[in-house]
Amino acid sequence: MAEAVPEQNTELTPEDDARKSQLEEAIDWAIADMPERRGEVFTLCFLEEFTYREAAETLDVSRKTVENHMGLALKDIRSALKSFKN
């Protein structure tokens, strides 16, 4: 007999909505502050879910260049979102 999965409350409170908006804004600002190519790579790979190979082909750069940009972009995002840690 399978166990019942407890229901999860998926409704956002006004505070959750505000925090979500702040988080989205912080991410947008972090991307805008990145050097242009790094922001392009991050947008393609993280937001548009391109593979590193696809992003490299799209931007006409090597896969290793994409990897390097993503590493730096993730550092930038982590730094920008430090205030959102619980």
Side-chain angles (χ1 to χ4, degrees):
M1 183 172 179
E3 292 184 33
V5 177
E7 285 188 35
Q8 294 182 0
N9 183 4
T10 57
E11 291 185 34
L12 295 179
T13 66
E15 293 81 16
D16 292 334
D17 264 344
R19 188 142 171 95
K20 181 178 180 246
S21 293
Q22 291 170 347
L23 179 61
E24 289 171 349
E25 187 175 320
I27 291 169
D28 289 343
W29 277 103
I31 294 169
D33 283 346
M34 290 178 190
E36 184 177 352
R37 183 59 64 144
R38 189 181 308 168
E40 290 173 338
V41 168
F42 182 80
T43 299
L44 287 176
C45 293
F46 193 80
L47 301 178
E48 295 184 24
E49 300 180 359
F50 278 40
T51 64
Y52 285 6
R53 191 179 118 256
E54 292 168 336
E57 289 172 1
T58 299
L59 299 172
D60 197 28
V61 297
S62 73
R63 187 176 184 280
K64 188 66 178 170
T65 297
V66 170
E67 290 174 11
N68 290 337
H69 278 300
M70 277 301 291
L72 294 169
L74 291 171
K75 281 183 181 179
D76 292 345
I77 293 292
R78 277 192 296 273
S79 177
L81 301 181
K82 280 183 182 176
S83 64
F84 287 90
K85 285 187 176 182
N86 291 333

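The first residue of the sequence shown is numbered 1, and numbering continues consecutively from there.
Within 6.0 Å of atom CZ in F46, 12 or fewer heavy atoms from other residues, nucleotides or ligands are found, so the atom counts as exposed in its surroundings. In this structure, E36 places its CD atom where only 12 or fewer heavy-atom neighbours from other residues, nucleotides or ligands lie under 6.0 Å away.
The side-chain heavy atoms of L23 and R19, taken from C-beta on, include no pair separated by under 4.5 Å.
For E48, there are no salt bridge (Lys or Arg N to Asp or Glu O under 4.0 Å) partners two or more places apart in sequence or in a different chain. Not a single side-chain hydrogen bond (donor to acceptor under 3.5 Å, both in side chains) links E49 to another residue, sequence neighbours left out.
Between the R37 side chain and the L59 main chain, a donor and an acceptor come within less than 3.5 Å of each other.
Here the shortest heavy-atom pairing between V66 and C45 reads CG1-SG, 3.8 Å. Across all non-hydrogen atoms, the minimal contact from M70 to F42 is SD-CA, 3.7 Å.
Between the CZ atom in F50 and the OG1 atom in T43 there is a gap of 10.5 Å [rounded to 0.5 Å]. Rounding to the nearest 0.5 Å gives a distance of 11.0 Å between NE2 of H69 and CE of M34.
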What donor-acceptor contacts under 3.5 angstrom involve side-chain atoms of residues 72-80, with partners at least two apart or in another chain?
residue, atom, partner, partner atom, Å
D76, OD2, R38, NH1, 2.7

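D16 and T13 form a side-chain donor-acceptor contact under 3.5 Å, judged by distance and modelled atom types alone.
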Test side-chain contact (heavy atoms from CB on, under 4.5 Å) applied to V61 and V41, step by step: CA-CA 10 Å; V61 297; V41 168; 5.7 Å; no
